[in-house]
Asks: 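Have a look at this one before I ask anything.
Every chain is numbered from 1 and lettered A, B, ... according to where its sequence line falls, protein lines coming before strand lines.
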Amino acid sequence: MLNKITKCVVSSVAVIFVAVLVQAQSAEDIIRRYEQNQNIKTMSASGKIVIYNQFGIQEKAFKIWSRGTDDSLIVFTSKDESGQKILRSKKAVYLYYPDAEEIIRLQGAALRNSLAGSDLSYEDMTGGKSILDQYVIESISEEVIDTTACWVIKIKAKVNDIPYPIQKLWIDKKTYALKKSEAYSLAEKLLKTVYVKDYTSIGGFVIPSHIVVQDNLKKQTKTELILETIRINEALDPNLFSLQNLSM
Amino acid sequence: MFRFISQLAWKNLMRYKRRTLITALAIAMGIGMYIGVDSMLKSAEQESERNLHDFETGSGVITTKAYWDSKERIPTSEYIEHSNVLLQSLSDAGLQAAPRIQAQGELIVYEDPYPVDGSMRVILTGIDPVRDEKVFKLQKTLSKGRFLKEQNPEVILGSWIAEKLNADVGYPITIVTRTVNGYMQTIDATVVGIIDAPDPVINRTGVYLPLEYLQEMLEMPQGATHIFINFNMSNVNKNEQKINEILLNQPMLMYHSWEKLAEDYLAIAGAKQKGTSFILLLVFIIAAVGISNTMLMAVYERMRELGMLRAMGMEDEDIKNLFFIEAGLIGIIGAVFGVVLGIAFDFYLVTYGFDFSMFLKDIDIGYRVGGAFHGIWNITTMISCFFIGAVIAVLVSIFPVRRGLKKTIVECLRK
Amino acid sequence: MITIDALVKTYREGESEVHALRGVSLEIKPGEFTAIAGPSGSGKTTLLNIIGLLDDADSGKILIDGRDIQTFSGKERARFRREKLGFVFQTFNLIPVLTAYENVALALNLLQISAKEIESRTIAILHEVGLKGAENRLPSKLSGGQQQRVAIARALVKRPLLVLADEPTANLDSVTGEEIMKLMLELNKKHGTTFIFSTHDPMVMLYATRLIKLHDGLIVSDERR
């Protein structure tokens, strides 16, 4: 009798173990496919950032170029910010203000400052490493949001010096694009929510073109990022991402 | 001869009562102001040092070398590990020590119960309530609620921060900060107490949490960014030696006396002293010019008299002394009034003081004076002012008197 | 005995020169009541000032009791004026903050005499000049004539060798002026003090027992009466 029960228990555990194993692998695969979808060599686009806060609504137009996951250049084209530039490369962020003709390098705590007054920080711009290099998979489940079926993957940091120790990613089952993400503090309090409203499909890639960022601690603020005229994998002048180019 | 000249000098002063009075008043104002301002500054210095010692620096502090090198950035990750061991060594050596953590953070409040949503960048301080009491007087300044208990997400606020946020005991408050590993961290705490300290820096910037709880939230078990030490200031050298001996085999740590910690305050105090001394010097110069002018007028108006005295055979020395005594008497009268004015000033300062707290809430002027600026009685200043007043009066009359005597007797009589 | 020998004094006023004395010589015997007369600019005040050691001659000698006073140092001059000379001026020159008594006593205070003696001599001379009862009045409360009396008392209280009076009646009306002249003559006879005074007032000249006339820095006449 005991033997039978023991056998039952052991095999149940084995099944669950294998199932979990299968699931865990699936989660990593999902993440890999999600990252593959972002593996564009170059991108250029124009767009605008719309900031909603207690002072009202502000719109700032910009052009953006990126190369791989490390280099990107944003140039503001709206009247108030005209000529202001942000250059990102590896771990450093550089700002350029045409009025002051000054290049400012942001490091350390300065990266936590808000980007152009939005709910995004400069820190949010950094990082090009693979998720799996920085996080471990904690759990995986499924959910449907806005008629989109998604995997919900919870990840937890395994290295230091990244701002969000816990995140949840909603990944579209069909397109492997990001539908939504939530970032949490170490105490598991919701800090930021990113929601993708619209996509552009180009050359087999599904690229978010309308993103809403919400700072969950400061309830009255919201930022929308809208990209238009996206072009990918075109040849870009390598000097575009140099410091000299920043001050021109 | 001296007695006669003195009597003549006094009679001359009484003859020009109004001028004598006005000149003496100028001196009195200068001296009175000096005594008052000096009293206020000395009191502010005394109080600042006391408050610094009781609330901010203790007698000194131990930090890591790396922390001290970039202390303006509040580099929490450069903390002292295994602080409990160090605390035990200090305790064994008979030294009172209190560990503290300082970290950058943001306070976030929401409408209801607060009037509006809001946020504020702050510096968080983690304190061990038991040990902290041995070094600092924070607990004595509780004005509302209760002090911290261990291991709870609770917060004590300085009264001016509480006022700014419209926070009260029992209100919730969200704190956003970073762990020493760089992760974003949040603390949902409750305000359990409000402190009203004589040190305005505490009221303006104080956000206190229990040390052990903060250690856990910031991922720094047994860690502390500072270990503050308190000892009898009459035995500074002996005690500092003890501390340095304990730190001998801890090359990453270093001890800083309170003067090093309070460098910003000491710099400001020094600069203020220089600045005030300069202003008072100007005041003195103006008063001195007043006396000089009065003596010049006195000499020129009494040219004919001067000539007559010289014609009668009075020697130049005696005539000079006549005027010097006149000037000296004006100086003494002015100094007496000045000291009386200074005493009145001091009395008001000592008893009531000037309340600048309305302005101090938002501005840091360096001095650790909470509300009213008081004064202290300083007999030395009064006595030295008295003599300086009299002496300066004589000194500034030398030039006009000499000029007057340069003329020939005939020229004097001709006037 | 005062011997003056070839005194010359020239003033420079801007570009021009004024020859106040062009070589004045005379002798004054003790007890003489001498007037030095002349129009303004004749040099009489200059002569008095030089004799009184209030000014220096450019050249010449003044011997008083055999001593050449021109060679005195500043301190010696002051001492000589203090002990031996008395001055009376047309503007009285009393110290305004001192009473009549104190003004007169001032001369003795400079001599370091005992307080008792100062008191007795001061009161005596004040009575002599007719100011009994006015001792404690300030100059502002005295008439011109009274003030001049105080000045005379001040000059005489120290029993000087010589009293020099520069136009002593110039600021007084004729009646008071005569009173003052009478007083000075009286004191001169009583104490034997030598008086030299300058004047351009004919009335004053009448009182002099010796009249020396000056013109353009030179003696033009010297009359003993």
Asks: Is A/Leu217 in contact with chain B via its backbone, its side chain, both, or neither, using a 4.5 Å heavy-atom distance?
Replies: both

Asks: What do you reckon, is CZ of B/Arg146 surrounded by more than 12 foreign heavy atoms closer than 6.0 Å?
Replies: yes

Asks: Counting only heavy atoms not in A/Lys173, do more than 12 fall under 6.0 Å of its NZ?
Replies: yes

Asks: Using 0.5 Å steps for rounding, measure from the NZ atom of A/Lys189 to the CD1 atom of B/Ile187.
Replies: 11.0 Å

Asks: Just wondering, are more than 12 heavy atoms of other shown residues or ligands nearer than 6.0 Å to NZ in A/Lys156?
Replies: no

Asks: Under 4.5 Å, heavy atom to heavy atom: which of residues 172-184 of chain B reach chain A? Give them by number, or say none.
Replies: B/Thr174, B/Val176, B/Arg178, B/Thr179, B/Asn181, B/Gly182, B/Tyr183, B/Met184

Asks: Which pair of heavy atoms, one from B/Glu219 and one from A/Leu186, lies closest together, and at what distance?
Replies: CD-CD2, 3.5 Å

Asks: Mark yes when over 12 heavy atoms from residues, nucleotides or ligands other than B/Lys65 sit less than 6.0 Å from its NZ; otherwise mark no.
Replies: yes

Asks: Near B/Met252 CE, under 6.0 Å, is it more than 12 heavy atoms from other residues, nucleotides or ligands?
Replies: no

Asks: Name, in order of residue number, those residues of residues 100-111 of chain B that have a heavy atom at a distance of less than 4.5 Å from a heavy atom in chain A; otherwise write 'none'.
Replies: B/Glu106, B/Ile108, B/Tyr110

Asks: Would you indicate whether B/Gln222, at its atom CD, is surrounded by more than 12 heavy atoms from other residues, nucleotides or ligands within a distance under 6.0 Å?
Replies: yes

